[in-house]
Amino acid sequence: MQRRNFNMCPRSDDSNTDTSGIGSGGILPDSTSNESTTGIDDSCSETVAALRDPVKLYRELRDSEQNDVKLTTSEWDDLDEIFNCFVKSGWASNQALAIYIGLSFFPTAVRKFQSFFKDKCTGDIAKHLISLGPCEESERFLFPIFVEFCLEEFPDEIKRFRGILDSADLTKPHTWFPFARAMKRKIIYHCGPTNSGKTYNALQRFMEAEKGIYCSPLRLLAMEVFDKVNSLGVYCSLHTGQEKKHVPFSNHSACTMEMVSTEELYDVAVIDEIQMLADPCRGYAWTRALLGVMADEVHLCGDPSVLKIVRKICAETGDELVENHYERFKSLVVEGKTPLGDLKNVRPGDCVVAFSRREIFEVKMAIEKFTNHRCCVIYGALPPETRRQQATLFNDQDNEYDVLVASDAVGMGLNLNIRRVVFYILSKYNGDKVVPVPATQVKQIAGRAGRRGSRYPDGLTTTLHLDDLGYLIECLKQPFDEVKKVGLFPFFEQIELFAGKLPDMTFCQLLDKFGENCRLDGSYFLCRHDHIKKVAKMLEKVQGLSLEDRFNFCFAPVNIRDPKAMFHLLNFASTYSQNCRVSVAMGMPKCSARNDSELLDLETKHQVLSMYLWLSYHFKQEMFPFVEKYSTMAADIADLLGQSLTNVTWKPESRNPPPKTQKEDSYQRPMSLIKEQQK
Ligand SMILES: Nc1ncnc2c1ncn2[C@@H]1O[C@H](COP(=O)(O)OP(=O)(O)OP(=O)(O)O)[C@@H](O)[C@H]1O
Ligand SMILES: [Mg+2]
């Protein structure tokens, strides 16, 4: 492994080699005389101490007898204070990483060094240090001596920590895919705003190719491409975490990003929504696809935010990069002077966007109560099949469902007959507090209005409240932020190697340790994995799972805030660990939901079945033998959900309501007009 690259301490790996360049640099002629074992109260000798070669200085201390230096009590206290400062020094603890003294071991090492120093120090050194006091300069004086001390005293600790770091090395990720590196790939970046034809053009090449793969950010979009391509006469299969539809004789496939193979050869690969490289949670899947897919032509579709970093990555991989820039077919118009004001003013083709399940239903019910419009709904907890059914209902002209109420789940890539996007609200709960919706997301969602080829080719957008209009305009005007880092997450093999160095840790502790110790190049970040850790923690009580099984169970698609879904996942893992065939212990609902808790129950039931199907494709299939039965059940529940949504007449609840009390500095929105009306 390469040595860590730090500002100071360019030591060679041989701990017996003298260190040049550590410390103040000015080295006096060799002075082996141990002249000052008694106190020398002399500023000249203090300067001498400052200038001495730390390596030699350490050796002298080490080889000297116990000191008989005479210091006053307050001077000893001063020395302790200096060491207290040293042990807290961020600079010193970071520099110590260069010799593989880890952050957790650093305080112990410093305390041992402190005892050693107080036992052995000579008067001139002690006085010099005391004269510096607890400050950066004293840290810089002590550090190189500390380095020598550690190298001699803690070789095992250093070796162990070095092993850990070596196994948590995520640098140079482009070298992880030697087969893709052996190819001369041509990367075509379709770069532009929403509704500019990026995906359309990439798909043209995809369909012309002998063999192609389309990688989607969402199951729903993969299904849309699967349908579209098959309808145009190109046989195409579908491969998502939960579903494999093999179309006979097909050479084309539409998959979700996580499912793309880096072992199969393709002529054309399409990686859609490439800006998701920077997604804090799922970014690693885009990075893996970009670095690893084995295709002669790789088409990337997305906004310009990741263009620079893609250029950098292509320079590292040696791939040729072609950039195709696009403009929006028709510009998006903000209805500047007239916010909607009242939900009574919705018109056919409007999509009202809210960010919680409760608000979505609140809006739907208000519109249906106060107007003659009927609303379809799309939100994240709905199965893709139900979202698609709702989208079709909305797109279809021959019915009364002419308004859509949706969450940000509508934001990516979908082509809907939307004339105007109306933001009911421009803040959302991020799991911690209520924050303004990020500008990139606002643009993405507003970009759903006025799609080319739809019934409304001219797109409009506005807000319900006048107060929010300024923020909407600001978001649309903002240029795309340039992304500096893209996501990475270790493969199982990397975690396994790491676990080998820390055999007594639970999987959850391993993930924490990996996060603390992993090394990354400047263009990469480690993706957030709180979700995985939460599942790992729950599965700790399940005995008998191999590390690989645990790893795979932790990636199962589960809503960690839904206790019922978590309970089922725990059951699946327990049954699997006992080597028994896994089934779902759950009754099948007979009719559509009559109230909100029944609707929530349908959503959960579908998620549980969907999780089962996912597990069946990620574990030995014979352990999950009821795939057909549960697929049918899942489809039936998706239908029931669709029926339920058209009949909603009750007051909905949030699945995960945000805390009631809001901090004063958090984003506040005006109360909805409907609520005011109701008051
Ligand atoms: N050359 C074209 N001929 C006919 N239809 C087109 C053409 N280009 C794009 N379209 C249609 O315009 C709509 C928007 O195109 P597309 O989905 O490719 O946009 P996009 O830039 O990928 O948008 P987003 O960023 O939202 O994904 C689609 O319905 C697509 O079929
Ligand atoms: Mg697109």
Stepwise, does the side chain to side chain contact (heavy atoms under 4.5 Å, CB included) test hold for F361 with L645?
CA-CA 9 Å; F361 284 109; L645 294 175; 3.7 Å; yes
Checking E362 against Y424 for the side chain to side chain contact (heavy atoms under 4.5 Å, CB included) test, could you report, in this order, the C-alpha distance in whole Å, the side-chain angles of both residues, the deciding distance, and whether it holds?
CA-CA 11 Å; E362 196 176 276; Y424 174 70; 2.7 Å; yes
Full working for side chain to side chain contact (heavy atoms under 4.5 Å, CB included) between H239 and E243
CA-CA 6 Å; H239 189 188; E243 197 174 12; over 6 Å; no
Dump the intermediate steps for side chain to side chain contact (heavy atoms under 4.5 Å, CB included) on R420 and Y456, then the final yes or no.
CA-CA 9 Å; R420 177 171 65 171; Y456 308 106; over 6 Å; no
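Considering every non-hydrogen atom in both F423 and V442, the closest pair reads CZ-O, 3.8 Å. Between L640 and S644, the shortest heavy-atom contact is O-OG, 2.5 Å. Here the closest heavy-atom approach between residue V421 and residue A446 is recorded as CG2-O, 3.9 Å. Minimum heavy-atom separation, Q607 to N559: OE1-CB, 3.8 Å.
Each of K533, K534, K513 was scored for a side-chain contact (heavy atoms from CB on, under 4.5 Å) with C508, with one residue passing: K533. Only one option out of F507, F514, F489 pairs with H529 in a ring-ring contact (aromatic ring centres under 6.0 Å, His included); it is F489. Residue L393 is tested with N399, L404, V377 for a side-chain contact (heavy atoms from CB on, under 4.5 Å); the sole match is N399.
Heavy atoms of other residues, nucleotides or ligands lying less than 6.0 angstrom from NZ of K485 number more than 12. Counted within 6.0 Å of CZ on R282, heavy atoms from surrounding residues, nucleotides or ligands total more than 12; the atom is thus considered enclosed. Counting heavy atoms of neighbouring residues, nucleotides and ligands inside a 6.0 Å radius, atom CZ of F567 does not exceed 12 of them. Around atom CG of D530, more than 12 heavy atoms belonging to other residues, nucleotides or ligands sit under 6.0 Å away.
Using a cut-off of 4.0 Å between Lys/Arg side-chain N and Asp/Glu carboxylate O, D303 and K443 are scored as not salt-bridged. A salt bridge is absent between E224 and K228: the closest approach of a Lys/Arg side-chain nitrogen to an acidic carboxylate oxygen does not fall below 4.0 angstrom. Comment: R374 does not engage D402 in a salt bridge, judged by the lack of any side-chain N to carboxylate O separation of less than 4.0 angstrom. Under the 4.0 Å criterion applied to side-chain N and carboxylate O atoms, R357 and E603 are assigned as salt-bridge partners. Remark: K605 engages D601 in a salt bridge, criterion side-chain N to carboxylate O under 4.0 Å.
With values rounded to the nearest 0.5 angstrom, M505 atom CE is found 7.0 Å from F498 atom CZ. For the atom pair L220 CG and T256 OG1, the distance stands at 12.0 Å (nearest 0.5 Å). For the atom pair CG (L570) and CG (L539), the distance works out to 6.5 Å, reported to the nearest 0.5 Å. Taking OG1 from T461 and CD1 from I418, the interatomic distance works out to 10.0 Å, rounded to the nearest 0.5 Å. Rounded to the nearest 0.5 angstrom, C376 SG and R387 CZ are separated by 14.5 Å. Summarising the geometry, atom CD1 belonging to I637 is positioned 11.0 Å from atom CD belonging to E385; distances are rounded to the nearest 0.5 Å.
Relative orientation of the F572 and H568 rings is tilted, given thresholds of 30° and 60° on the angle between their planes.
With contacts defined as side-chain heavy-atom distances shorter than 4.5 Å, the pair Y284/E258 qualifies. Under the 4.5 Å side-chain criterion, counting only non-hydrogen atoms from C-beta, T440 is not in contact with S305. Looking at heavy atoms from C-beta onward, F553 lies in side-chain contact with L615 at the 4.5 angstrom threshold.
Proximity of a side-chain donor or acceptor of N195 to a complementary backbone N or O of R452 within less than 3.5 Å is detected.
In terms of the side chain to side chain contact (heavy atoms under 4.5 Å, CB included) criterion, residue partners of D521 (sequence neighbours excluded) are, by chain and number, T171, K172, P173, Y524.
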